[in-house]
Amino acid sequence: MKPTLPQGTRDFAAPTIRKREYILDTIKTVFELYGFEPLETPAIENLETVTGKYGDEGDKLIFKILNNGLDNPAKHRQAKEDFEKILQGKNVKTLTERALRYDLTIPFARYVAMNYAQLTMPYKRYQMQPVWRADRPQKGRYREFYQCDADVAGSYSLINDAELADIYLTVFKRLGIDIELKINSRKILTALAALCNGDNKMMSITVAIDKLNKIGMDKVKEELEKSGLGPRQIKIIEDYLNIRGSNEEKLGRLKTLFSNNEDGRKGIEELEFILNQLTINDSLLTIDLTLARGLNYYTGIIYEVKAKNAVMGSIGGGGRYDDLTGLFGVPNIPGVGISFGVDRIYDVMEELNLFPDKMQKGITALFFNMGKEESKFAFQQMQQLRNNGISCELYHEPAKMDKQFKYAAKKNIKYAIIIGSKEMQEQNCVVKDLAKNEQQTIALTELQNYFTK
RNA sequence: GUGGUUGUAGCUCAGUUGGUUAGAGCAUCAGAUUGUGAUUCUGAGGGUCGGGGGUUCGAGCCCCCUCAUCCACCCCA
């Protein structure tokens with residue numbers, strides 16, 4: 001058979017892994033710096049844990065796992081009946097009861113709901129694991145990709161929300177990516193829906209205005225019309241979308257607009273708090289009133305990160321969800337979190353050439369294989385170096401030096417160590433610096449010192 | 001889920017209106033070179049042209065189906 005990869009997945013070879021690790025390490029370091037603790041959860045969750053949390057579109061993208069044992073003849077009739085239900089779009093436990101995790105937030109919420117009694121609140125955890133989505137792959141979109149999440153459970157304090165925004169700024173500064181960090185509040189969107197008497201159309205409204213930058217005002221209005229809003233309602237939304245200016249100016253306009261709306265006032269307070277807490281200028285953190293975010297569970301502040309100078313969807317997103325564990329029967333535990341899209345960050349950094357040069361590691365030394373006796377002797381020398389923490393290897397078979405040099409060059413090895421019969425007799429070796437193309441003869445007793453000095 | 005793109009050697013790609021034995025560069029291997037590497041020279045291996053079916057005297061090229069790929073929409077990291 002011809003070997004292939006499943007759609008939307010990739011193998012990662014050494015050079016790629018080094019760069020990915022660089023990104024992961026940077027994020028992890030910052031997470032730890034801000035007091036977050038690691039958590040890992042299984043790749044598979046119960047299907048009912050993940051369904052109904054991401055909206056209708058989201059549910060369609062969940063990878064479901066077919067149950068084992070369906071080929072048992074005793075179950076055939078039942079299985080066929082159940083499959084009819086699947087065709088009608090229902091989930092049937094007897095056919096599938098597990099799914100690959102779709103994100104890290106819901107597993108986190110499940111974990112908190114199961115363990116809240118033991119956790120020190122507020123519980124600050126970070127998680128860096130792959131997630132799976134049955135999307136059609138395209139640029140910056142994979143079916144298996146890493147998310148790095150930091151969430152705080154058990155605190156309503158907006159200090160958390162502000163800190164998470166600060167983590168975004170810190171991580172991307174360390175990675176050298178120029179970003180646009182956009183912020184809004186779901187409460188403001190709720191208020192907008194109420195203001196135009198479209199409470200029940202909140203979803204369609206947010207989906208439509210989210211596209212403003214992409215498709216323009218006219219198309220947004222078209223879309224609003226399609227979802228059943230009248231001219232007067234659309235006018236209100238248009239006025240809202242026409243709010244421009246600095247963060248301060250936007251807040252001013254919002255205050256007038258929502259002076260009689262409780263949700264609106266709260267949303268404005270949230271935004272004001274974040275901006276005030278971080279005391280940074282508009283260019284770093286921008287209020288974006290069109291920012292909506294699709295995931296159903298957000299209730300307060302929402303974030304989205306885009307890379308400047310690169311054509312790529314959002315490389316990070318998050319927000320506050322005030323009753324996430326409520327879905328699992330544990331009420332009154334609020335949460336707020338952010339997510340980094342490692343694979344998209346990688347693509348952006350590759351596109352903008354932002355990875356540091358000396359990223360690729362090579363081992364320190366290659367012992368040349370000069371023959372049977374010589375290689376046995378070299379092997380002993382090599383083991384001594386290894387015992388002292390110097391990474392090295394012995395060429396796997398006797399070969400022409402030409403070949404061994406090329407091998408060393410390809411593998412980014414820094415030194416070649418040559419021990420032939422002459423060197424064996426004289427108890428020394430030739431050490432060649434492959435980058436400088438310089439070599440010297442060194443007594444075997446001095447070899448360790450040469451590398452550890 | 002919808003629409004489009006591309007698929008030829010390990011990799012990047014040429015391949016004329018359908019016409020003999022499908023090519024190049026890089027990579028690999030061997031030799032010039034039995035102790036000194038990114039250079040050079042010589043030679044070699046490597047292809048069911050994504051897969052299946054059809055049209056034709058004849059298909060890498062045309063038609064149908066299928067798979068994969070990339071891109072856009074939807075949605076999202």
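Naming: A, B, ... by sequence-line order, numbering from 1 per chain. The figures here come from the full heavy-atom set of this structure, side chains too, leaving out hydrogens, waters and symmetry mates.
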*Between A:K124 and A:E37, is there a salt bridge with N-O shorter than 4.0 Å?*
no

*asked:* Using a distance-only criterion (donor-acceptor N/O pair, under 3.5 Å, no hydrogens), is the base of B:rU36 paired with the side chain of A:Q439?
replied: yes

*Have a look at A:K410 and say if it touches a base, only the backbone sugar-phosphate, or nothing, with a 4.0 Å heavy-atom cut-off.*
sugar-phosphate

*In whole angstrom, give me the gap between the C1' atoms of B:rA30 and B:rG46.*
14 Å

*Please state how far atom CG in A:L366 lies from atom C1' in B:rA38, giving the value in whole angstrom units.*
16 Å

*Write down the distance separating the C1' atoms in B:rG18 and B:rU56, rounded off to the nearest Å.*
9 Å

*Please tell me which of the listed nucleotides, B:rA77, B:rG35, B:rG37, lies nearest to the side chain of A:K432?*
B:rG37

*On a whole-Å scale, what distance lies between the P atoms belonging to B:rG60 and B:rA9?*
14 Å

*Given the C1' atoms of B:rG37 and B:rA14, what is the spacing between them in whole Å?*
33 Å

*Output yes when A:D263 and A:K187 qualify as a salt bridge under the 4.0 Å nitrogen-oxygen rule, no when they do not.*
no

*For A:F145 and B:rA77, is the gap between ring centres under 5.5 Å while the planes differ by less than 30°?*
yes

*Nearest whole angstrom, please: distance from the C1' of B:rG35 to the CD of A:E373.*
18 Å

*asked:* Rounding to an integer number of Å, can you tell me how far A:R344 CZ sits from B:rA77 C1'?
replied: 5 Å

*Could you measure between the two P atoms, the one in B:rU16 and the one in B:rA22, and give it in whole Å?*
15 Å

*asked:* Between A:R136 and A:K406, which residue's closest nucleotide on RNA chain B lies nearer the 5′ terminus?
replied: A:R136

*Derivation and outcome, ring-ring contact (aromatic ring centres under 6.0 Å, His included), residues A:Y102 and A:F63*: CA-CA 8 Å; A:Y102 178 89; A:F63 273 110; 9.7 Å; no

*Using only side-chain N and O atoms of A:K214, determine if any of them is under 4.0 Å from OP1 or OP2 of B:rC73.*
yes

*asked:* Rounded to whole Å, please give me the gap between CD1 in A:I417 and C1' in B:rU36.
replied: 15 Å

*Separation of A:M312 atom CE from B:rA72 atom C1', in whole Å?*
14 Å

*Quick one: do A:D433 and A:K414 make a salt bridge, cutoff under 4.0 Å?*
no

*Indicate, with a heavy-atom threshold strictly under 4.0 Å, whether A:G58 touches base, sugar-phosphate, or nothing.*
nothing

*Now, which nucleotide makes the Watson-Crick or G-U wobble pair with B:rU16, with each of the two distances under 3.5 Å?*
none

*Whole-Å distance separating the NZ atom of A:K400 from the P atom of B:rC29*: 11 Å

_Any base atoms under 4.0 Å from A:Q138, or only sugar-phosphate, or nothing? Heavy atoms, all strands._
base

*Describe the nucleic acid contact of A:V207 in one word from base, sugar-phosphate, nothing, applying a heavy-atom distance below 4.0 Å.*
sugar-phosphate

*Rounded interatomic separation in angstrom, taking CD1 from A:I23 and P from B:rA77*: 17 Å

*Would you mind checking if A:D402 and A:K406 are paired as a salt bridge, meaning a charged N to carboxylate O distance below 4.0 Å?*
yes

*May I ask you to check whether A:F451 and A:Y415 place their ring centers less than 6.0 Å from one another?*
yes

*Reckon A:K411 touches a base, only the sugar-phosphate, or nothing at all at heavy-atom distances under 4.0 Å?*
nothing

*asked:* Would you say the ring centers of A:F367 and A:F379 fall short of 6.0 Å from each other?
replied: no

*Sticking with atom P, work out how far B:rA27 lies from B:rU66, rounded to a whole angstrom.*
41 Å

*C1' atoms of B:rC13 and B:rU6, separation to the nearest Å*: 13 Å

*Just checking A:D343: base, sugar-phosphate only, or nothing, at a heavy-atom cut-off of under 4.0 Å?*
nothing

*Distance between P atoms of B:rU21 and B:rG25 (Å, rounded)*: 23 Å

_For a quick check of understanding: with a heavy-atom distance under 4.0 Å over all strands, which category does A:L434 fall into, base, sugar-phosphate or nothing?_
base

*ring-ring contact (aromatic ring centres under 6.0 Å, His included) between A:F36 and A:Y126: does it pass, once the steps are laid out?*
CA-CA 6 Å; A:F36 288 79; A:Y126 72 88; 7.6 Å; no

*Heavy-atom donor-acceptor pair, A:E423 side-chain to B:rG35 base, under 3.5 Å*: yes

*Name the nucleic acid region contacted by A:S421, choosing base, sugar-phosphate or nothing; use a 4.0 angstrom heavy-atom cut-off, strictly under.*
base

*asked:* Return whichever of A:A409 or A:G316 has its heavy-atom-nearest nucleotide of RNA chain B closer to the 5' end.
replied: A:A409

*Give a yes/no answer on whether the side chain of A:Q7 brings an N or O atom under 4.0 Å of OP1 or OP2 in B:rU69.*
yes

*How would you label the contact of A:Y142 with the nucleic acid (heavy atoms, under 4.0 Å): base, sugar-phosphate, or nothing?*
base

*Mark yes or no for a side-chain to base donor-acceptor pair under 3.5 Å between A:K403 and B:rG37, with no hydrogen or angle criteria applied.*
no

*Can you check the A:D402 CG to B:rU28 C1' distance for me, whole Å?*
14 Å

*Side chain of A:K139: nearest nucleotide among B:rA77, B:rA72, B:rU36?*
B:rA72

